[in-house]
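Below: the structure, in structure tokens.
When a ligand or atom number is given, it counts from 1 through the structure's own listing order. Excluded from the calculations below are hydrogen atoms, water molecules and symmetry mates; all remaining heavy atoms, backbone and side chain alike, are included.
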Amino acid sequence: MSAHSIDGKALAEELRASFKARVAALAARGHRPGLAVLLVGEDPASQVYVRNKVAACEAAGIFSQKLVYPADVEQGVVLAKIGELNADPHIHGILVQLPLPRHVDEKAVLEAIAPQKDVDGFHAENVGALAQGQPRFIPCTPYGVMKMFEANGVDLTGKDAVIIGRSNIVGKPMALLLINAGATVTVCHSKTRDLAAHTRRADILVAAVGKPRFVTADMVKPGAVVIDVGINRLPPEEGGKLCGDVDFAAVREVASLITPVPGGVGPMTITMLLANTIEAAEREAGQ
Ligand code: NDP
């Protein structure tokens, strides 16, 4: 039997509709959530992500400020701007679009953001809080995945969860969230020996690798829940479409639940950025 495909777009829309009341309640008390997005350089994918984030803010009634810098900007200029935004009462969330050009120290930039405005959840203080099971902001992509589990009644307690990928943005925070939720977690990466031996015993399998159709049906346990975080652009000779890290057509015949690409985890990521920004504004307003 084919797996049920989780509709991330529909869930994202449902959540965004529920945010309207929260934004209206803030507005009634004279507060409007505000997000500042900093983009350095002209990376085309980053430009698209930033444009989508700003558009999503607008649709949700969130004030947004887009700040664009040339690729050769001095790090001090970016740090000074972050300092200003930290002190700006109209801004509740600050996001620096990654990756940054090589001459800019990513860690220094992320650590310059006030932890109370770090809506991406990448500041060391917020990573530490998540590791201790008391998150202030949960990184948006894994947060979106947790919402998908919740919305689909996936009980994580005692489950074997395997994550492929150990990035600070996806793999590691995903692991912390699953541990906090009571799963037994294995994190695999490029140095993992016999990857399929791990993935084949996963009740929950999260792929965040960045390689098209990397997870094949023979790597998946029958009945598993498969979450595909990957966003890969296929080469023109293969149609140039977006494709996940999972061989969707084959794996859906083995899994019980699966996320498609596009229309799976992707729409949830920006949705959780909105959630974190609203949450930051609510905290500031003392709600
Ligand atoms: P990274 O490149 O930072 O991490 C990829 C991970 O995959 C690394 O830990 C790497 O291991 C591991 N890996 C690479 N090759 C193998 C292999 N052969 N076997 C096992 N593990 C391997 O990527 P991100 O975490 O930032 O992103 C992952 C994917 O998710 C990308 O496609 C990205 O576009 C997408 N993404 C999607 C988002 C969304 O909103 N849906 C948001 C963020 C990312 P090692 O550490 O050893 O190098």
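Between the K159 side chain and the D155 main chain, a donor and an acceptor come within less than 3.5 Å of each other. In this structure, N86 contributes its side chain and A114 its backbone to a donor-acceptor pair below 3.5 Å. Using modelled atom types, no side-chain atom of E279 and backbone atom of F137 make a donor-acceptor pair closer than 3.5 Å.
Using a 4.5 Å cut-off on side-chain heavy atoms (C-beta onward), T277 and S64 make no contact.
A salt bridge links E84 with K81; the closest basic N to acidic carboxylate O contact falls under 4.0 Å.
Summarising the local packing, CZ of R29 is surrounded by more than 12 heavy atoms from other residues, nucleotides or ligands at distances under 6.0 Å.
Using a 4.0 Å heavy-atom criterion, the residues that approach ligand 1 are T141, I164, G165, R166, S167, V170, H189, S190, A208, V209, G210, K211, F214, V229, G230, I231, N232, V265, G266, T269.
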